[in-house]
Amino acid sequence: MRFITDTIPVLKARLARGETSCEALVAGALEAAAAPAAASVFTTLYPEAALAAARHADAQRAAGVAPPALAGLPVSIKDLYDVAGETTLAGSVVCRGEPAALADAPAVARLRSAGAALLGKTNMTEFAFSGVGINPHHGTPRNPADAALARIPGGSSSGAAVSVALGLAVAGLGSDTGGSIRIPAALCGLVGFKSTQSRVPRQGALELSRSLDTVCAMTRSVADCLTVDAVLAGAPLAVQRRPLAGLRLALPQTVLLDALEPAVAQAYAHALTRLSAAGAQLIEIPLSELAEIPRLNAPGGFSPVEAYAVHHQRLARARAQFDPRVAARIELGASVLAREYIAMQDHRADWIARVEALLEGFDAVLCPTVPVLAPAMDELVASDEAFFKANGLLLRNTFAFNYLDGCAFSLPCQAAGELPVGLMLASVRGDDARLASVALAVEQALA
């Protein structure tokens, strides 16, 4: 049972007609957040503050004052972000007792200024370091897409995704370093937007990788993502609606289509058929440069190297309190030399320039967001081998566009009644507005 199923414009229209109130929406969301289906979704709830924001928005409407973009609408915040007066735990127990944040992160402050009723902080992979979403400290929220089998929600923004999928929030503020917005969006049947990294300030978000971390959100529609993105970035994208007919969409044939689960391959093929019938030009390209990423991102990789710089003192003080799978990945960065790290930066810059040149003239790149359906949770909890195999598969396609410093959407593309499958649309850095116009057209064609 989903509590809120409407998009933001539909909710606003219902509020304007007096069919519901922000207070009723937020009160219902808080009640649903306490239900068994929402177990492990939130690490902290803010009932009093959320209801106060909702009542304020209702009073604005009653007085004829034009409310701000998210006035009184429930929004969740990943446990990665500073909230003034609280210690930011980032899904850990290691950070307990550390100093409280002196101010809200800019992303949180902008959501407040837009009138959002911030329901609470959502659960996540410890320190945002996996695409699976399992958390041994706070539990793991169950993917709502399958009532019969407990499946992973995807990570690292696990609670953010489930909060939206259950209808507890109109948007979930998360982050995306290697796919942490798009993976859970794909597995839970949502829309996720990873903007160009520089678009939204990262201050007040506990770092995983300063080279890759992106502040962004997931919602129920492309338009809702753009509404939230405008708040987070401080300015809307200049998006011009475009017909799908004539758009040139690149279909890379290297790496991104390997080992597709049959249900994913079928949904992807069906989506491409729909887009072609609507007039899009689908052009297969090799993009063999994708196969270079593992070599260029070695040794260690940006995330382990940069995370080790952030967490080495915590590891020395309290390694036994870490999720052991997270600690093991962070420690991969311990032995990387400065000259090797600088070489990684140089190799990435060269690779980005080459790939950007190859993608010139295309309106977007298309591929499955992840190559598999949401895996069953129990096996990944029990087995390191199964966990790391799944983690690698989940991150493979999405990470390519973090490495590119690009922008990307994940849109649901499964047939009705089937488990969620994500279709990823991606482009180069700074191309967010054009990509958004493509995403709107693709979403309409798939609907």
Just by distance, do the side chain of [X] and the backbone of [Y] share a donor-acceptor pair under 3.5 Å?
X	Y	answer
Asn143	Ile152	yes
Thr398	Gly178	yes
Glu289	Val355	no
Thr140	Asn135	yes
Thr219	Ser221	yes
Thr20	Leu15	no
Asn402	Thr177	yes
Lys12	Ala69	yes
His312	Tyr308	no
Ser163	Leu168	no

Between atom [atom1] of [X] and atom [atom2] of [Y], what is the distance when rounded to the nearest 0.5 Å?
X	Y	atom1	atom2	value
Ser130	Leu208	OG	CG	10.5 Å
Ile134	Ser40	CD1	OG	12.0 Å
Glu98	Ser92	CD	OG	7.0 Å
Leu256	Asp258	CG	CG	8.0 Å
Glu331	Leu315	CD	CG	5.5 Å
Asn391	Asp384	CG	CG	11.5 Å

What pairs of donor and acceptor atoms, side-chain ones from residues 367-376 against any protein atom, are under 3.5 angstrom apart with sequence neighbours left out?
unit_1, atom_1, unit_2, atom_2, d
Thr369, OG1, Ser410, OG, 2.8
Thr369, OG1, Gly422, O, 3.3
Thr369, OG1, Leu423, N, 3.4
Thr369, OG1, Met424, N, 3.3

Minimum heavy-atom distance [X]-[Y], with the two atoms named:
X	Y	answer
Leu51	Glu23	CD2-O, 4.1 Å
Ser211	Tyr341	OG-OH, 3.9 Å
Gly131	Ile183	O-CG2, 3.5 Å
Thr125	Gly155	OG1-CA, 4.2 Å
Ala117	Ala53	CA-CB, 3.9 Å
Pro299	Val336	O-CG2, 3.7 Å

Should [X] and [Y] count as side-chain neighbours, where that means a heavy-atom distance under 4.5 Å?
X	Y	answer
Leu419	Gln414	no
Arg354	Glu292	yes
Leu440	Leu226	yes
Leu187	Pro420	no
Pro184	Pro153	no
Arg2	Pro144	yes
Met124	Thr43	no
Trp351	Leu404	yes

Criterion side chain to side chain donor-acceptor pair (under 3.5 Å) against Thr214, the qualifying member of Lys194, Gln197, Arg202: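 Only one option passes, and that is Lys194.
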
Phe42: which of Asp79, Thr122, Ile77 passes side chain to side chain contact (heavy atoms under 4.5 Å, CB included):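 Of Asp79, Thr122, Ile77, side chain to side chain contact (heavy atoms under 4.5 Å, CB included) with Phe42 is met by Thr122 alone.
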
Set of residues satisfying side-chain contact (heavy atoms from CB on, under 4.5 Å) with respect to Glu207, sequence neighbours excluded: Arg210, Asp213, Val310

Pairs in or reaching into [range]: which pass ring pair (Phe, Tyr, Trp, His ring centres under 6.0 Å), with residues at least two apart or in two chains?
range	result
residues 117-160	Phe127-His311, Phe127-Phe322
residues 159-209	Phe193-Phe409
residues 81-118	none

Taking only residues two or more places apart in sequence, or in another chain, which ones meet [X] in a salt bridge (charged side-chain N to carboxylate O under 4.0 Å, His left out)?
X	answer
Glu356	Arg429
Arg396	none
Asp146	Arg151
Asp229	Arg199

CD/Glu379: more than 12 non-hydrogen atoms of other groups inside 6.0 Å: no

[X]-[Y] side chain donor-acceptor pair, cut-off 3.5 Å:
X	Y	answer
Ser195	Asp432	no
Ser156	Lys78	yes
Asn123	Ser158	no

Could you go through residues 26-37 and list every donor-acceptor pair under 3.5 Å that involves a side-chain atom there, pairing it with any protein atom two or more places apart or in another chain?
none

Glu126 and Arg314 ion-paired at < 4.0 Å: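 Result for this pair is no, no salt bridge flagged.
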
Sequence neighbours excluded, every pair satisfying side-chain hydrogen bond (donor to acceptor under 3.5 Å, both in side chains) that has a member inside residues 101-110: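 Qualifying pairs, neighbours excluded: Asp104-Arg112.
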
Sequence neighbours excluded - salt bridge (charged side-chain N to carboxylate O under 4.0 Å, His left out) pairs with any residue from residues 152-177: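 Only Asp176-Arg182 qualify under salt bridge (charged side-chain N to carboxylate O under 4.0 Å, His left out).
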
